[in-house]
Amino acid sequence: MDRIIYLDHAATTYTKPEVLKEMLPYFTEIYGNPSSVHSYGRETRKALDLARERTAKALNADPAEIIFTSGGTEADNLAIIGTATANKKKGNHIITSSIEHPAALHSCQYLEKNGFQVTYLPVDEYGLIDPQDVKEAIKENTILISIMTANNEIGTIQPVREIGAIAKEKGVLFHTDAVQAVGSIPNDVRDMNIDLLTLSAHKSHGPKGVGALYARKGVRLNHISHGGAQERNRRAGTENLPAIVGLGKAIELATQDIEARNEKLRALRDRLISGILSSVEYTRLNGHPTKRLAGNSNFSFEFIEGEALLLSLDMKGIAASSGSACTSGTLDPSHVLLAIGLPHEIAHGSLRLTLGDENTEEEIDYVLEVLPQIVQRLREMSPLFNQDKGGKIYV
Ligand SMILES: *Cc1c(COP(=O)(O)O)cnc(C)c1O
């Protein structure tokens, strides 16, 4: 194979040509500042309004409820830190889960250092949160529940509707990070009682460095950066217009024909999953068997290191991702895999393969041909495998 088989769509996606095409004029010909009153400014204001309408429509929100940001990370920070500090008089307790994206998790940890209390709810072996746990964790001083719609590592889809109903009943704000879910499952903020929702363009075939936060009308939100009055005084700074135009188009495309796309993705994913589980022994699928994103698969291969597996796959032209994040030179296993109960050594041998529109059956079959050989070779080099072979196996 002389081209890359890209199976890392949860990390990022390419920008679709029709998205780029809409963006390009806003770098060169139509470069006005949307805050300017002259005709150039008015033209970019129109483009900004259209992107806002498209984004709102995808969520069944009102355009005035959309705040453009520099990405999913900033939107999570704004949602969590912005509502926490604005609602401090009401209380200082926040409920989240132990498997959130670092953008949400680290925002909560920052708040903890600044006088807030955070409950990190556990998940079951599939990565599911029990809505009953959410209900029981709510206290007098709870001001925010932040639970992601779908997990970026193992693809598990949470019972967002149930959590939204509980939050509404108890009068607590509900934020969900839907970065991975947008374009994969419907996200109707009215229907699901969502007060705040995070999305990002680059996970859905838009450009990097742009995202949005939906914040329901009436939700109190503080600035997290300070400056001009852009975005109805909720996010300071001149709008990144080409990127915002791209986000609007990408989200519009991503939320069309979801079911047809998912059907194709699911067929490829299930071919991959059953192929791997049947040809590689001592292997487990991480995440929920059915309540998972159509394009997500995540495996643990006992007796090998995920990083070694990634490098070998890369040499064969396959771009994948491991479950472990390499932070500052130390290899910490993924907090998500630990939260679903995997022991450290198993969490280390994990592999995430996330599919997208352009993947083909032929590519999946190539992976199914190459991967078992690589795993076999790495295991033969592993002292652990040779010692334990035939012994007690964790799957
Ligand atoms: C990628 C991702 C983010 C961060 O979005 P950026 O636009 O890359 O900052 C947040 N949450 C989830 C679930 C993600 O997958």
Side-chain angles (χ1 to χ4, degrees), residues 6-15 19 51 55 59 66-82 96-110 123 127-129 146-158 160 163 175-185 187 194 196-214 224-225 235 237 239-240 242-244 246-248 250-251 254 286-288 291-298 320-325 327 334-337 339 352-356:
Y6 187 76
L7 294 174
D8 202 10
H9 290 82
T12 197
T13 58
Y14 72 93
T15 298
V19 172
T55 309
L59 304 174
I66 303 298
I67 307 164
F68 292 117
T69 65
S70 65
T73 299
E74 189 193 331
D76 276 349
N77 275 258
L78 179 58
I80 295 168
I81 300 170
T96 188
S97 85
S98 50
I99 63 163
E100 298 298 307
H101 187 276
L105 221 44
H106 294 174
S107 293
C108 288
Q109 288 164 1
Y110 166 79
V123 292
L128 273 177
I129 287 151
S146 178
I147 306 260
M148 70 201 318
T149 303
N151 186 267
N152 46 302
E153 291 188 34
I154 56 175
T156 302
I157 299 169
Q158 301 300 342
V160 170
I163 298 169
H175 165 246
T176 188
D177 176 338
V179 170
Q180 293 288 336
V182 166
S184 191
I185 57 173
N187 295 276
I194 296 166
L196 301 120
L197 179 145
T198 293
L199 61 85
S200 173
H202 75 101
K203 305 285 175 74
S204 304
H205 296 286
K208 294 167 185 60
V210 65
L213 179 68
Y214 147 81
I224 55 167
S225 66
R235 199 271 184 176
E239 300 85 348
N240 183 354
I244 290 170
L247 178 141
I251 298 303
N286 297 316
H288 198 278
K291 290 173 188 164
R292 76 185 303 141
L293 295 171
N296 173 285
S297 67
N298 187 310
S321 160
S322 81
S324 60
T327 22
S334 140
H335 67 289
V336 176
L337 297 179
R352 180 183 72 179
L353 299 171
T354 45
L355 288 73

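Owing to the predicted nature of the structure, the values given are computational and were not obtained by experimental measurement. Numbering of ligands and ligand atoms starts at 1, following listing order.
Atom 12 (C) of ligand 1 has its nearest heavy-atom neighbour, among Gln180, Glu153, His101, in His101.
Contacts between Lys203 and ligand 1, counted as non-hydrogen atom pairs separated by less than 4.0 Å, involve the side chain only. When non-hydrogen atoms are compared, ligand 1 lies under 4.0 Å from the backbone of Thr73 as well as from its side chain. The part of His202 lying near ligand 1 is the side chain, judged by heavy-atom distances below 4.0 Å.
Proximity to Asn152 (heavy-atom distance under 4.0 Å) selects the following atoms of ligand 1: 13 (C), 15 (O). Ligand 1 places these atoms under 4.0 Å from at least one heavy atom of Gly71: 7 (O).
Between Ala150 and ligand 1, not a single N/O pair is under 3.5 Å apart.
For atom 11 (N) of ligand 1, the closest non-hydrogen atom on the protein side is Asp177 OD2, 2.6 Å. The protein atom (non-hydrogen) at minimum distance from atom 6 (P) of ligand 1 is Gly72 N, 3.4 Å.
Between the Asn298 side chain and the Glu153 main chain, a donor and an acceptor come within less than 3.5 Å of each other. At least one donor-acceptor pair closer than 3.5 Å links the side chain of Ser334 to the backbone N or O of Val336.
If you check the side chains of Ser107 and Asn77, you find a donor sitting under 3.5 Å from an acceptor. Side-chain contact annotation: Thr198 with His175, donor-acceptor N/O pair under 3.5 Å present.
Annotation: side chain of Thr354 is in contact with side chain of Asp8 (closest heavy-atom distance under 4.5 Å). Side-chain contact check for Leu128 versus Val123: every heavy-atom pair is 4.5 Å or farther apart.
If you take CD1 on Ile251 and OG on Ser204, they are separated by 4.5 Å, rounding to the nearest 0.5 Å.
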